[in-house]
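Index from 1, following the sequence. Since the model is a prediction, treat every value here as computed from it, not as a measurement.
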Amino acid sequence: MSSAAGQQQGANIQNSHPHHVIIIGAGPSGSIAGALLTNKGYRVTILERNLFPRFSIGESLLPQCMEFIKEAGMLEAVINAGFQYKDGASFVRGCKYTDFSFEDKFTAGIGTTFQVQRGAFDMLLAQEAERMGVEIRWQQEVLEADFSADRPKLTVRDASGELSTCEADFVLDASGFGRILPRLLDLESPSGFPVRQALFTHIEDRIDADVRFDRNKIRITVHPDHEDVWFWLIPFSNGRSSLGVVARQEFFDALPADNKVALRQVVGQDPSLTALLGKADFDSPVNTITGYSANVKSLYGEGYALLGNAGEFLDPVFSSGVTIAMKSASLAAAALDRQFNGEAVDWQADYASPLQRGVDTFRVFVDAWYDGRFQDVIFHDKQRPEVKAMISSILAGYAWDENNPYVKNARSRLDTLAAFCRSDKE
């Protein structure tokens, strides 16, 4: 096909689908949703409050993410970007060590992924979306949202302070922790999780090559004295790592007020991390976030749907945030395409409920992590390979595979397994 013919075909596709979608936020869910809809011929505008690249946590992707990246046509770009290869997760508690290989999982599908510095990763996805035809308007802050008329209307302020109005046929909120529509439409709801805090930074890790450490895996370390306190260590491809600790607020109350001093002090409380990071250079600011778990009354309404963290965020322990965000983008784009083509769409049945099934699976395992049941399972001395493969699928992000017994009957299966592991230990 000639270039001119290809351009004409693209124009015809655009003209055959006059519907316009506004997406709030150019993070992973926004860029993926934008690409999926643009590739179907719709006109998509993303309104992003910041300029990219910008710092964000959530650097350890899950293999399930790669399926959505592939669906959006971005897989080659991500593979060629030079990010740190990731094939699993390792867990340390005292003298116990265990790991999970995502390629040895129960569920079919991609079994490897990457650990990424989110500034570069999010920028790459946004650039790919723009390459496909998505319009991204940078430094656009959404101040008001009106869904009372036939077409949604947003009031937006640009970097110079000038106000404007944007109208569309549908709005997808991919604003992440900004949670734009939940705030503007009074959709916020308690999460049900205890208030936890995270201290985190990037370091030059300087981990010796002869030390037992697999850079192809995220490392989760349980505090030696508090089973509900844990550290993440996510190595990047450039000799740096993301390092963080998560605990209830009262745990941090006993630490120094200076974030960098506090993080170094609590890392020093774990012998394995102290040995591993003995030469590390803590050369970046230490940030904190408190009360990050969030929920909403509804994931959709007349003229809008909430994606990713704008809808619900559980906890960072299994790195599920980006996976849930991309899953929501895939589901919402498919439902919206059917709606624009005149099909009857039940947003509860076609979007919210399917998304929630995977979120609920992750929630079961998050709950069990903090009360110690899941830790007893993964650190058990005699793990059955077939059960480990089913759990590995969930840790790899395949939390929607109802052929997996630990997805379909997550709570009862995990309760039974944890009880067995505990009784076998006694």
Side-chain angles (χ1 to χ4, degrees), residues 27 49-61 84 91-93 115-123 175-179 191 193-207 213 215 218-236 238-294 309 313-322 366 369-370:
R49 182 176 58 185
N50 299 305
L51 279 176
F52 281 16
R54 52 91 172 96
F55 180 84
S56 180
I57 56 172
E59 301 100 339
S60 195
L61 305 181
Q84 172 64 49
F91 297 87
V92 180
R93 185 175 70 181
Q115 297 176 151
V116 300
Q117 288 170 295
R118 284 287 302 279
F121 176 72
D122 291 5
M123 185 67 185
S175 60
F177 289 118
R179 300 173 65 77
S191 74
F193 280 115
V195 175
R196 292 191 175 92
Q197 181 177 348
L199 284 178
F200 53 92
T201 190
H202 287 182
I203 60 173
E204 183 180 339
D205 58 64
R206 299 178 181 176
I207 299 172
F213 179 62
R215 297 193 75 90
I218 181 176
R219 174 185 166 121
I220 302 296
T221 304
V222 182
H223 191 282
D225 301 317
H226 306 277
E227 70 177 8
D228 64 337
V229 178
W230 61 276
F231 307 85
W232 76 70
L233 184 63
I234 302 169
F236 301 131
N238 58 358
R240 299 185 65 78
S241 287
S242 173
L243 172 67
V245 59
V246 174
R248 293 203 189 204
Q249 276 187 285
E250 50 266 32
F251 177 84
F252 289 103
D253 290 342
L255 296 175
D258 183 282
N259 286 343
K260 182 173 285 191
V261 175
L263 180 59
R264 297 200 68 157
Q265 181 174 310
V266 72
V267 166
Q269 294 172 4
D270 182 79
S272 67
L273 279 179
T274 299
L276 194 64
L277 300 177
K279 300 177 182 177
D281 184 5
F282 285 66
D283 58 359
S284 299
V286 175
N287 299 306
T288 184
I289 183 172
T290 303
Y292 44 75
S293 296
N309 295 347
F313 181 73
L314 295 175
D315 190 273
V317 65
F318 301 127
S319 306
S320 61
V322 175
V366 169
W369 170 266
Y370 281 107

Audit row: Asp253, Arg248, salt bridge (Lys or Arg N to Asp or Glu O under 4.0 Å) steps and yes/no:
CA-CA 9 Å; Asp253 290 342; Arg248 293 203 189 204; over 6 Å; no
Tell me, please, whether Tyr370 has Arg196 positioned over its six-membered ring: NZ or CZ under 6.0 Å from the ring centre and within 45 degrees of its axis?
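Yes.
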To the nearest 0.5 Å, tell me how far [X] [atom1] sits from [Y] [atom2].
X      : Y      : atom1 : atom2 : result
Phe236 : Gln84  : CZ    : CD    : 9.5 Å
Asn287 : Leu199 : CG    : CG    : 9.0 Å
Ile220 : Trp369 : CD1   : CH2   : 6.5 Å
Leu277 : Ser241 : CG    : OG    : 7.5 Å
Phe177 : Ser56  : CZ    : OG    : 7.5 Å
Ser242 : Leu233 : OG    : CG    : 8.0 Å

Flag, side chain of [X] to backbone of [Y], donor-acceptor distance under 3.5 Å:
X      : Y      : result
Arg219 : Val92  : no
Arg206 : Asp281 : no
Gln115 : Pro235 : yes

Decide side-chain contact (heavy atoms from CB on, under 4.5 Å) for His202 and Gln117; before the verdict, give the C-alpha distance in whole Å, the side-chain angles of both, and the deciding distance to 0.1 Å.
CA-CA 9 Å; His202 287 182; Gln117 288 170 295; 4.1 Å; yes
Contact summary for Ser60 and Ser319, nearest pair of heavy atoms:
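Reported closest heavy-atom pair: O-CB, 3.2 Å.
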Val266 versus Phe231, closest heavy-atom pair with distance:
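Heavy-atom minimum between the residues: O-CZ, 3.4 Å.
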Tell me which pairs pass ring pair (Phe, Tyr, Trp, His ring centres under 6.0 Å) where either residue lies in residues 266-285, with sequence neighbours left out.
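For residues 266-285, and leaving out neighbouring residues, there are no ring pair (Phe, Tyr, Trp, His ring centres under 6.0 Å) pairs at all.
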Kindly indicate whether the side chain of Val229, heavy atoms from C-beta on, has any atom under 4.5 Å from the side chain of Val246.
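Heavy-atom side-chain distance check fails, nothing below 4.5 Å.
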Tell me, do Phe121 and Leu61 make a side-chain contact under 4.5 Å, heavy atoms counted?
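Phe121 reaches Leu61 side chain to side chain.
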Side chains of Thr221 and Trp230: any donor to acceptor distance under 3.5 Å?
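Side-chain D/A pair, Trp230 to Thr221: absent.
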Quick test of your reading: applying side-chain hydrogen bond (donor to acceptor under 3.5 Å, both in side chains), list the pairs with at least one residue in residues 257-269, sequence neighbours left out, ordered by first then second residue.
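Sorted result for residues 257-269: His223-Gln269.
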side-chain contact (heavy atoms from CB on, under 4.5 Å) assessment of Glu204 paired with Ser284:
CA-CA 9 Å; Glu204 183 180 339; Ser284 299; over 6 Å; no
Using 30° and 60° as the class boundaries, would you call the ring planes of Phe55 and Phe200 parallel, tilted or perpendicular?
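Geometry flag for Phe200 against Phe55: parallel rings.
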Could you go through the side-chain contact (heavy atoms from CB on, under 4.5 Å) check for Asp283 and Arg240 one step at a time?
CA-CA 10 Å; Asp283 58 359; Arg240 299 185 65 78; 2.9 Å; yes
Other residues, nucleotides, ligands: >12 heavy atoms within 6.0 Å of Arg49 CZ:
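No - once you tally the heavy atoms of other residues, nucleotides and ligands closer than 6.0 Å, there are 12 at most.
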One thing to verify: whether Lys279 and Asp205 come together as a salt bridge, which I'm taking to mean a side-chain N less than 4.0 angstrom from a carboxylate O.
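Salt bridge between Asp205 and Lys279, a charged N being under 4.0 Å from a carboxylate O: no.
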Let me see the working for Thr290 and Gln249 under side chain to side chain donor-acceptor pair (under 3.5 Å), right down to the final yes or no.
CA-CA 8 Å; Thr290 303; Gln249 276 187 285; 4.5 Å; no
List for me each residue that meets side-chain hydrogen bond (donor to acceptor under 3.5 Å, both in side chains) alongside Asp270, sequence neighbours excluded, and say none if there are none.
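Scan of Asp270 (side-chain hydrogen bond (donor to acceptor under 3.5 Å, both in side chains), adjacent residues dropped) gives Ser272.
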